[in-house]
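Okay, structure first, notes after.
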Amino acid sequence: MRKSVHDSVLWAAVLVLGAMSGSAMATEDPGGGVSPRDVVAAKFAAANRHSVEEVVAFYAPDAVVNASDFCAPRQGRAEVERTYRGIFSFVPDAVVEVQEYLVQGDRVAVRLTVSSASLGFSVPIMNFFTVRDGLITSDEGRFDNGGRPCTP
């Protein structure tokens with residue numbers, strides 16, 4: 001995806017998030033761009049819309065994604081797409097609710113839950129992101145996977 005298209009998607013998502021949270025303006029980072037927190041928040045907003053294309057647009061082409069149930073880290077936008085298509089097909093009514101963001105420079109820690117009314121569960125998750133130049137370069141999710149075998 002061209003950077004200008006990514007920027008447009010990012011700014012639209014940030015403005016929607018700002019309107020939803022009562023904030024009139026997106027938070028800027030010291031370098032003059034959109035803050036890492038806003039990038040991650042916009043990614044979660046896209047996830048709640050189940051828009052795989054939007055979610056993928058927030059990741060760098062060589063982003064590394066890891067989770068408690070992965071056998072090995074996944075790399076690249078195609079793997080991000082595969083991951084989110086899998087989540088949304090397995091949990092068609094998945095909802096992300098963020099409880100807390102902690103930000104230090106380009107790193108964002110997030111405490112959240114993913115829940116499903118139809119499947120009757122709510123999973124607490126800690127997610128750790130690195131955001132550079134407005135894109136997620138690293139995404140590591142930690143949660144109790146119930147002892148299930150990892151997924152390749």
On a heavy-atom basis, the closest approach of Val98 and Leu112 is CA-CB, 4.0 Å
Where do Val39 and Ile136 land on the side chain to side chain contact (heavy atoms under 4.5 Å, CB included) test, with the steps shown first?
CA-CA 8 Å; Val39 171; Ile136 297 167; 4.1 Å; yes
May I have the step-by-step check of side chain to side chain contact (heavy atoms under 4.5 Å, CB included) for Val56 and Arg85, ending in yes or no? CA-CA 10 Å; Val56 171; Arg85 287 203 188 282; over 6 Å; no
Minimal heavy-atom distance between Glu79 and Gln75, with the atoms involved, is CG-O, 3.3 Å
How far apart are the C-alpha atoms of Phe70 and Thr151, what are their side-chain angles, what is the distance that settles it, and do they pass the side chain to side chain contact (heavy atoms under 4.5 Å, CB included) test?
CA-CA 5 Å; Phe70 292 178; Thr151 55; 4.0 Å; yes
Residues passing the side chain to side chain donor-acceptor pair (under 3.5 Å) test with Arg107, sequence neighbours excluded, are none
Asp144 side chain near Val123 side chain, heavy-atom distance below 4.5 Å = no
Note, Phe58 side chain near Val80 side chain (heavy atom, < 4.5 Å): no
Problem - Residues, nucleotides or ligands: over 12 heavy atoms within 6.0 Å of Gln99 CD - result: yes
The ring-ring contact (aromatic ring centres under 6.0 Å, His included) partners of Phe88 (sequence neighbours excluded) come to His50, Tyr84
Applying ring-ring contact (aromatic ring centres under 6.0 Å, His included) to Tyr101 and not counting sequence neighbours gives none
Quiz item: Between Ser51 and Ala46, is there a donor-acceptor pair closer than 3.5 Å when you use the side chain of the first and the backbone of the second?
Solution: no
Exercise. Quick one: are Glu81 and Val55 in side-chain contact, heavy atoms under 4.5 Å?
Worked result: no
- Task: Decide yes or no on side chain to side chain contact (heavy atoms under 4.5 Å, CB included) for Val114 and Phe143, but give the supporting numbers first.
- Result: CA-CA 10 Å; Val114 173; Phe143 54 90; over 6 Å; no
Discussion item. Between Ser116 and Asp93, is there a side-chain donor-acceptor contact under 3.5 Å, judged purely by atom types and distance?
Written reply: yes
